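What follows is a short report on a single structure.
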Amino acid sequence: MIVREPLEMAYQRDQAQRESAEDQQAEAWDLDSLALEEVVKRWGIKTVLHEIAEIHERISKDGSKVQWSVPSRAYLSGHYDDPNPCDCEF
């Protein structure tokens, strides 16, 4: 039998509780992430992002807004300066 000081035992018990809570939170996030992936597959990313922006606006107390963009391939490759898709023909 190992005799430990009360502070060390309390620390170990607290550490175990924190680890358990973190594991539960990670498991819950994994399930939510899978559900979100299914929503994106079903409705598309733009629809989901619009809804997220609307939800944020409704529940936000500070008046902040969500701003997002889907950069075009040309922008991502560095051949175009505007992050919005280009409708022009070359």
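Because the structure is predicted, anything quoted here is derived from the model rather than measured.
Contact annotation: the side chain of W68 approaches that of H50 to within less than 4.5 Å [non-hydrogen atoms, C-beta and beyond].
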Self-check item: Pair K46-L49, side-chain contact (heavy atoms from CB on, under 4.5 Å): steps then yes or no
Solution: CA-CA 5 Å; K46 288 184 179 181; L49 290 173; 5.7 Å; no
Quiz item: When you look at R18 and E22, which way does the salt bridge (charged side-chain N to carboxylate O under 4.0 Å, His left out) test go after all the steps?
Solution: CA-CA 6 Å; R18 273 196 303 262; E22 288 171 359; 5.7 Å; no
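No more than 12 heavy atoms of other residues, nucleotides or ligands shown are found within 6.0 angstrom of CZ on R42. Shown here is E27, whose CD atom has no more than 12 heavy atoms of other residues, nucleotides or ligands within 6.0 Å.
Following chains of ILVMFWY side-chain contacts shorter than 4.5 Å, one cannot reach V48 starting from I55, and the two form parts of different hydrophobic clusters. Note: the hydrophobic cluster containing W43 also contains V40 (ILVMFWY, side chain heavy atoms under 4.5 Å, direct or indirect links).
Checked against salt bridge (charged side-chain N to carboxylate O under 4.0 Å, His left out), R13 has no partners two or more places apart in sequence or in another chain.
Here the CD-CG distance, from Q25 to D30, works out to 11.0 Å after rounding to the nearest 0.5 Å. A distance of 10.5 Å separates OG of S33 from CD of E38, quoted to the nearest 0.5 Å. Considering CD of Q12 and CE of M9, their distance stands at 8.5 Å, rounded to 0.5 Å. Note that CG of L36 and CD1 of I52 are 6.5 Å apart. Values are rounded to the nearest 0.5 Å.
Nearest heavy-atom pair, E57 versus K65, reported as atom, atom and distance to 0.1 Å: OE2-NZ, 3.9 Å.
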